[in-house]
Each structure stands twice: as C-alpha cells, then as structure tokens.
Amino acid sequence: MDMLGGLTPSEFLRDYWQKKPLVIRQAFPGFQCPVSADELAGLACEEGVESRIVIEDDNGKPWQLHNGPFSSDRFSTLPEQNWTLLVQGLDHWVPDIADLLEHFRFIPNWRLDDIMASFAPTGGSVGPHYDQYDVFLLQAQGHRRWTFGGHCDQSSPRVEGTPLRILSSWDGEETVTLAPGDMLYLPPGIGHHGIAEDDCITLSVGFRAPTIDDILTGFTDFLSNQSDASDHLNDPDLQVQDNPGTIQPDVVDRLEDVIREKLGDRRQLTLWFGQYSTAPKSMDIVVPAEEPASAEDIAEAVNAGEQMRWNEGSRFAYYDFDDETALFIDGEQFLLKGDARPLAQLLCSAAQVDMAALARHIEDEALLGLLTTLYNQGSVYFE
Ligand code: SIN
Ligand code: CO
C-alpha cells in the first residue's frame with residue numbers, strides 16, 4: 001500500500017502538510033467502505049451521535065442546515081438529489097473506521113480530531129467552502145468531483161441567507177474526480193467543493209490544532225483551578241501616597257510578576273496541554289466498563305494473551321520530563337517514574353497494544369493498577 005502516493009511521510013510533511021493540496025490516486029487500493037449509507041442514516045438517528053443534513057435548495061432557501069438526531073422517516077422527505085448527510089466522530093462508533101487511523105500515525109495523536117463521513121446522492125455537496133483544519137478526504141464509495149485551490153479567509157465573500165459559510169464567488173484552480181480508494185489532502189484555508197457524481201460516501205480524516213483563544217482560555221482556566229488560585233495579592237510594604245487615586249507602578253510590577261510566574265510555568269503548560277488535547281469530545285465517548293475488573297482479572301487477561309486496544313475515540317499522548325513521564329489518556333494525567341516510564345511509549349504507539357511488551361510490566365503492582373484504572377474508566381478494552 002502506498003498511502004502517500006510514493007512519498008515518504010517525511011517528504012509529505014516537508015512538501016505538502018499545511019502547505020498545498022495533494023491528490024493521491026489509489027491511496028487505499030481496492031478500498032471497501034466499512035459502513036453503508038443505511039448504516040450512516042441509522043447512526044444519524046441515535047442520541048449522542050453528532051449528525052447534520054445540508055440541503056442545497058431547501059424550499060427556495062440556500063444551503064440549509066438541519067442538526068440530528070433525526071427520526072427515521074426524515075430521510076424519505078428529502079429531495080431526490082442535492083443534499084448531504086454528515087456523521088461526525090465515526091471512528092468512535094465503527095471499529096473498522098478507527099483502524100484507518102493507524103495509517104495516519106505519522107501525525108501526532110494530539111493533532112487528530114476525528115473521522116467524519118458524508119453520504120450524498122448525485123449532485124449532493126456541502127457547498128464551496130474552506131476549513132480551518134487539515135483534512136484527508138478519502139473517497140470510500142461512489143465518485144466525487146472535487147474542485148479546489150486558492151487561499152480563503154474571513155474576508156472571502158459568502159452566500160447570504162444560510163447559517164453555513166458558503167463561498168459566493170470562488171472558482172477553484174483544479175478539478176479531479178475521485179473513485180473509491182483515492183484521497184485528497186487539503187491544508188487549512190484552501191477553498192474546496194466536492195459534488196457527488198453518484199451515491200457517494202467520503203470519509204474526512206480531520207486534524208485540528210487549537211486556536212490562540214483555545215490556548216489562552218484553556219491554560220488560564222486550568223491555572224485558575226489550581227489550589228493557590230484563591231490567594232490574594234498582598235502588600236505588607238504599602239507606603240503612604242500623595243493621591244489615594246494613584247495606582248503605583250510597583251502594583252503593576254507585582255501583577256506582572258504573577259502573570260509571568262504563572263503563564264511561564266512550562267511544566268504546568270505541558271500538563272494542561274496533555275490533558276486538554278486528549279480530553280474526550282463528549283461524555284458519550286469514554287464510558288466506564290459495565291463490569292469493573294480487578295487487578296487480578298486484568299493480569300489474567302494479559303497472561304492469557306488477549307489483545308488490549310484503545311477504546312475507539314480515546315486519545316493517548318505522553319511527554320517525557322527530565323525526571324518522569326506524564327502519560328495523558330482521555331484528559332487524565334498519570335505521572336510515571338523510573339522503570340515505569342517506558343509504559344507510556346508502549347501504550348501510546350498504536351491502538352493495538354504490544355501485548356508481549358505489556359506482559360513484562362504487569363509484574364509491577366502500580367502499573368497493573370494503572371491498566372486496571374484505564375480498563376475501568378473505559379479507555380481500553382480486550383478485543
Ligand atoms: C463532504 O464530504 O461532502 C464534505 C467534506 C469537506 O468538504 O470538508
Ligand atoms: Co471541507
């Protein structure tokens with residue numbers, strides 16, 4: 001398999017990632033879509049699954065958006081053509097879809113958003129638009145004609161009368177028709193428009209980076225929840241001043257010291273980012289095990305050679321500090337020291353955990369306890 005069209009992952013990252021689009025013919029040769037249109041429609045009827053329908057001409061209104069969950073008879077009221085069903089987070093719901101992510105591990109786990117599926121009958125599309133994230137658009141079933149190219153931003157003209165951000169005067173630069181197994185990589189900000197040529201399913205493997213706003217508000221929220229956040233600024237050396245209205249420069253110096261000390265704490269920044277970037281997107285994703293296991297149960301399963309894997313939708317990452325390793329799983333943080341540190345690398349490298357290597361760790365009671373916690377919180381399971 002030649003998922004990057006003859007490029008090595010390093011060449012792809014150097015020449016295309018965040019820079020320019022790439023069309024890859026037969027990235028996944030002979031690709032069979034693991035879900036059918038009916039199954040997508042079924043998922044879109046379920047509570048807890050994020051789904052949308054976009055209709056190009058909705059009784060005269062352009063590009064109308066309808067949010068799921070839908071009732072099953074909703075689909076019989078749709079027009080023959082020119083609509084799209086979108087199902088978000090498909091990797092969480094369908095293990096065969098989650099397995100696709102193993103081909104994208106050359107991009108860090110923390111960068112992954114999710115896999116979205118779209119189904120459209122002939123003529124269906126979500127309109128010409130641009131996204132704020134990197135996306136690999138894998139043609140899974142049928143054919144889609146993509147026109148893409150040109151950098152867009154907030155100032156690009158938009159269609160009025162729709163809640164969606166549809167580009168109004170955009171032509172694109174290149175047009176390709178993708179068949180099952182073909183894939184189009186698009187960096188953020190590139191205009192694109194994909195129109196179904198027949199009954200068509202496209203899988204969008206999306207990689208999202210935080211905005212500056214996410215970073216500032218996320219990190220300051222995290223700091224505000226630390227135990228010393230309720231300490232007050234003190235001033236035991238207060239001096240008499242001529243005018244009580246003056247805010248003295250040394251007050252501002254002290255404020256600056258607090259901000260510098262708190263915002264400049266690299267360890268806290270790392271711990272926040274690990275938790276933030278692995279946090280589940282919704283409460284439904286990481287569900288505690290129905291029957292909690294004991295440490296003995298876990299040891300028995302590992303010794304019996306059962307395959308442990310990540311819960312689809314769980315996110316794993318780690319950071320090596322000088323003296324310890326912080327392991328982040330589904331927004332939780334575990335600090336590993338000494339001989340325990342390699343466990344982080346082992347658990348984070350692939351969704352199917354290397355069981356021979358894991359078996360060497362379960363002798364350690366604390367690590368067996370950690371695996372038991374992960375199993376009971378629903379971040380891993382045995383296949
Ligand atoms: C689609 O699959 O129809 C839309 C995906 C996208 O343009 O981002
Ligand atoms: Co898009």
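When a ligand or atom number is given, it counts from 1 through the structure's own listing order. Worth knowing before you read on, the calculation uses all heavy atoms, side chains too, and leaves out hydrogens, waters and symmetry mates.
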Decide, yes or no, whether a salt bridge links [X] with [Y] under the criterion of side-chain N to carboxylate O below 4.0 Å.
{"X": "Asp91", "Y": "Arg315", "value": "yes"}
{"X": "Asp182", "Y": "Arg144", "value": "no"}
{"X": "Arg309", "Y": "Asp99", "value": "yes"}
{"X": "Lys281", "Y": "Asp113", "value": "yes"}

For Gly194, is the nearest heavy atom under 4.0 Å from an atom of ligand 1?
->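 Flag not set, Gly194 not near ligand 1.
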Should Arg144 be listed as contacting ligand 1, given a heavy-atom distance under 4.0 Å as the test?
->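 Distance cut 4.0 Å: Arg144 passes for ligand 1.
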Would one find more than 12 heavy atoms of other residues, nucleotides or ligands at under 6.0 Å from atom CG of Asp253?
->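 Yes, CG of Asp253 has more than 12 neighbouring heavy atoms, counting only those of other groups under 6.0 Å.
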Set of residues satisfying ring pair (Phe, Tyr, Trp, His ring centres under 6.0 Å) with respect to Phe321, sequence neighbours excluded =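 Here the qualifying residues are Tyr319.
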Atoms of protein origin (N, O or S) under 2.8 Å from the Co ion (ligand 2) =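 Within the sphere that stays under 2.8 Å of the Co ion (ligand 2), the protein atoms of type N, O or S are His129 NE2, Asp131 OD2, His192 NE2.
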I'd like to check which ligand 1 atoms, numbered from 1 as shown, lie under 4.0 Å from a non-hydrogen atom of [X].
{"X": "Ser118", "result": "1 (C), 2 (O), 3 (O)"}
{"X": "His192", "result": "6 (C), 7 (O), 8 (O)"}
{"X": "Trp146", "result": "7 (O)"}
{"X": "Val126", "result": "4 (C)"}
{"X": "Ser204", "result": "5 (C)"}

How far is atom 7 (O) of ligand 1 from its nearest protein heavy atom, and which residue and atom is that?
->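 Result: His129 CE1, 2.9 Å.
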So Phe136 and Phe207, would you call those rings parallel, tilted or perpendicular, with 30° and 60° as cut-offs?
->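 The arrangement is perpendicular - the two ring planes meet at more than 60°.
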Asp235 side chain to Leu238 main-chain N or O, any donor-acceptor pair under 3.5 Å?
->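 Here the side-chain-to-backbone pair does not exist.
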Linking Ile, Leu, Val, Met, Phe, Trp and Tyr by side-chain heavy atoms under 4.5 Å, what else ends up with Ile285?
->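 Val286, all in the cluster of Ile285.
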Could you identify which residues cluster with Val240, counting Ile, Leu, Val, Met, Phe, Trp and Tyr as linked when any side-chain heavy atoms lie under 4.5 Å apart, either directly or through a chain of such contacts?
->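 Val240 shares its hydrophobic cluster with no other residue.
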Option of least heavy-atom distance to atom 8 (O) of ligand 1 (set: Ile195, Leu138, Asp131) |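 Checking each option, the heavy atom nearest atom 8 (O) of ligand 1 is found in Asp131.
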